[in-house]
Number of protein chains: 2
Amino acid sequence: MLDNSSNKTEQQILEAAYRVFQKKGRAGARMQEIADEAGINKSMLHYYFRNKDSLFRKIFMQSIAEFLGSVIPMLNNVETTWQEKISDFIAHYNTFLTKRPDLPLFVMNEINQHPDEFFNQLQIENILMHTVFFNQLSAAAERGEIRTIHPIQVFVTMLSNIVFPFIAAPIIKKVAAFTDSNWEHFMEDRVRITKEIIINYLEKV
Amino acid sequence: MLDNSSNKTEQQILEAAYRVFQKKGRAGARMQEIADEAGINKSMLHYYFRNKDSLFRKIFMQSIAEFLGSVIPMLNNVETTWQEKISDFIAHYNTFLTKRPDLPLFVMNEINQHPDEFFNQLQIENILMHTVFFNQLSAAAERGEIRTIHPIQVFVTMLSNIVFPFIAAPIIKKVAAFTDSNWEHFMEDRVRITKEIIINYLEKV
DNA sequence: TTTTGTTTCAACCAAATGGTTGAAATTTTT
DNA sequence: AAAAATTTCAACCATTTGGTTGAAACAAAA
């Protein structure tokens, strides 16, 4: 197997390692546990990844790519209105996080622990403020069609209302006594309400 | 010094330990580093706290108490309307988190890592759903004064819009190129917008 | 002054853990 | 079939780290 991408064992390791890192943290994760979780032994683990740090970095960068990559293109779509973008963004993010519910906490946590490592490797300064979405909002405000509000406030509102519930999911589920089915229904409601809340607010000039 | 509470050294340890635990995580934190940060030596640290675990638990429970304690009473105030409660809650939480900006991530992280330990020690099932605030919202909906919406959605919306920005602060600051002063202004705006957004939405029957 | 509690210091220990090694077996590629 | 890459196994090592110990200095309370 010379093909260096899409190796089965490597994939098993990455998936297992993500689970362990997410649950135990970068320092709390154990190489032995990752090996067990992947169904291999420690030698094999080191055969594929030099050490714990490089393994973690690979997984973290993959996570970041997923986290950001599924979002930014949507905000730069030139064929949709800002209303559609808001709607699409919220719905899409909810669907994505339903599949990867613990990604936000994992990412936020690592950025908190090693901000420099993160910001040095990823240039995120200009990816948001000059999106088509932000330009559309500014233009609409200029034309008096919507309230004058900094687009970043709109963006953070969208993000907050969808991402935070996933971060606080264990508490919300407990406090509201939700079953899994209740939770999904709750989040579907949330998607609808969040869209309405934001668009209502903006259009009420 | 027989007085067991409010000991100066103990307080220094608790504050230092919080900083280290918050930055490095429960597993990544080092007893030596906590001692250094507190300006004492390791022997002294163990003189005050049996071990790392008991130290962590004490700090975590204190954090939880702060996190919840400053909130619940406000939602059970019988002298304010639901509109005032929303307004008070949002403003108060923002002020609180401005002083303890990294508390939410610390708490959420630990709940993610040891949910059972948390839920066994703290009965949070009934503290929210039967608050005066929730009753007021239900009654207002029944009278047709506001939209029919589950109060938990209102609550999660309040929480999301204020708490999440603090969790994502490093990213937001970078992406929007905020100075500290910019950030404070941004959050003041957020408080106003969040109040308006929620109350507008509810009252538009 | 005596006793009790607090703090420092330096050395020490046992366990956990990341990582290595090297030989052998197995699989895949050529 | 030969060569190269993958996988297993078990033992091993160096370092880190949580925690201990005990003696001595210091401070506070009785």
Side-chain angles (χ1 to χ4, degrees), chain A residues 1-63 106 109-110 112-114 117, chain B residues 1-63 106 109-110 112-114 117:
Chain A
M1 174 87 58
L2 285 172
D3 187 359
N4 72 28
S5 74
S6 79
N7 178 298
K8 191 186 161 200
T9 306
E10 188 173 333
Q11 202 53 36
Q12 281 174 351
I13 293 176
L14 288 171
E15 282 163 23
Y18 173 76
R19 268 174 264 137
V20 177
F21 278 128
Q22 132 69 24
K23 185 73 183 178
K24 304 290 177 74
R26 186 171 180 168
R30 299 285 163 247
M31 292 300 270
Q32 185 60 60
E33 190 179 352
I34 293 173
D36 292 347
E37 183 88 12
I40 57 168
N41 53 38
K42 218 167 47 155
S43 298
M44 190 79 304
L45 190 53
H46 282 93
Y47 182 72
Y48 275 86
F49 295 92
R50 230 183 261 5
N51 52 37
K52 191 179 175 180
D53 240 50
S54 72
L55 176 56
F56 181 87
R57 273 200 288 269
K58 177 131 192 179
I59 285 165
F60 180 67
M61 281 303 154
Q62 276 188 356
S63 301
F106 177 68
N109 207 40
E110 175 57 16
N112 171 64
Q113 283 184 27
H114 304 96
E117 199 173 320
Chain B
M1 174 92 53
L2 285 171
D3 187 358
N4 74 25
S5 73
S6 80
N7 179 298
K8 191 187 161 199
T9 308
E10 188 172 334
Q11 202 52 36
Q12 280 174 353
I13 294 176
L14 289 171
E15 283 163 24
Y18 173 76
R19 267 174 266 137
V20 178
F21 277 129
Q22 132 68 24
K23 185 72 182 178
K24 304 289 178 73
R26 186 173 180 167
R30 299 284 163 247
M31 293 300 270
Q32 186 59 60
E33 190 179 352
I34 293 173
D36 293 346
E37 182 90 11
I40 56 168
N41 54 37
K42 216 166 52 153
S43 298
M44 189 80 303
L45 190 52
H46 282 93
Y47 181 72
Y48 276 86
F49 296 91
R50 228 179 248 50
N51 52 38
K52 191 180 177 181
D53 240 50
S54 72
L55 176 57
F56 181 87
R57 273 200 290 267
K58 178 131 190 177
I59 284 167
F60 179 66
M61 281 302 154
Q62 276 187 356
S63 301
F106 177 69
N109 208 38
E110 176 57 17
N112 172 64
Q113 284 184 26
H114 303 95
E117 200 174 319

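Side chains included, hydrogens not; waters and symmetry mates left out as well; all remaining heavy atoms used. Predicted model, so just to flag it, every value in this text is computed and none were measured. Reminder, nothing fancy here: chain letters follow the sequence lines and each chain counts from 1.
The interatomic distance linking A:N41 (CG) with C:dT21 (P) rounds to 16 Å, in whole Å. At whole-Å resolution of the value, CD1 in B:I34 and C1' in D:dG18 are 11 Å apart. Atom C1' of nucleotide D:dC9 and atom CG of A:L45 are separated by 15 Å, given to the nearest angstrom. When rounded to the nearest whole Å, the span between CG of B:L55 and C1' of D:dG18 equals 12 Å. For the pair A:K8 NZ and C:dT28 P, the interatomic distance rounds to 10 Å; values are reported in whole Å. In this entry the distance linking OH of A:Y48 with C1' of D:dA5 reads 9 Å, nearest Å. Atom pair A:M44:CE and D:dT6:P shows a separation of 8 Å (rounding to whole Å applied). Rounded to whole angstrom, the span from the CZ atom of B:F49 across to the P atom of D:dG19 amounts to 13 Å.
Counting only residues at least two apart or on different chains, the ring-ring contact (aromatic ring centres under 6.0 Å, His included) pairs with a member in residues 21-40 of chain B are B:F21-B:F56. Sorted by first and then second residue, the ring-ring contact (aromatic ring centres under 6.0 Å, His included) pairs with a member in residues 26-49 of chain A form an empty list; sequence neighbours excluded.
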Listing time: all N or O pairs from protein to nucleotides 13-20 of chain C that are below 3.5 Å?
residue : atom : partner : partner atom : Å
C:dT17  : OP1  : A:R30   : NE           : 2.4
C:dT17  : OP1  : A:R30   : NH2          : 3.4
C:dT17  : O5'  : A:R30   : NE           : 3.3
C:dG18  : OP1  : A:A29   : O            : 3.3
C:dG18  : OP1  : A:R30   : NH1          : 3.1
C:dG18  : OP1  : A:K52   : NZ           : 3.3
C:dG18  : OP2  : A:M31   : N            : 3.2
C:dG19  : OP2  : A:K52   : N            : 2.7
C:dG19  : N7   : A:K42   : NZ           : 2.8
C:dG19  : O6   : A:K42   : NZ           : 2.8

Can you give me the N/O atom pairs linking the protein to nucleotides 23-25 of chain C at distances under 3.5 Å, or say none if there are none?
none

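Here the CZ atom belonging to A:F60 is positioned 14.0 Å from the CG atom belonging to A:L55, to the nearest 0.5 angstrom. One distance of note links CD of B:Q11 with OG1 of B:T9; it measures 10.5 Å at 0.5 Å rounding.
When side chains are defined from C-beta on, A:K8 counts as touching A:Q12, because their heavy atoms get closer than 4.5 Å.
Side-chain contact, A:N112 with B:Q22: a donor N or O sits under 3.5 Å from an acceptor N or O.
For B:E110, the side chain to side chain donor-acceptor pair (under 3.5 Å) test picks out B:R26, B:H114, with sequence neighbours left out.
Contact between A:L45 and A:I40 at its shortest, heavy atoms only, is N-CD1, 3.9 Å.
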Show every donor-acceptor pair shorter than 3.5 Å between a side-chain atom in residues 28-37 of chain B and any protein atom, with sequence neighbours excluded, or say none if there are none.
residue : atom : partner : partner atom : Å
B:R30   : NH1  : B:A27   : O            : 3.2
B:Q32   : NE2  : B:D36   : OD1          : 3.1
B:E33   : OE1  : B:K24   : NZ           : 3.1
B:E33   : OE2  : B:K24   : NZ           : 3.0
B:E37   : OE2  : B:R19   : NH1          : 2.5

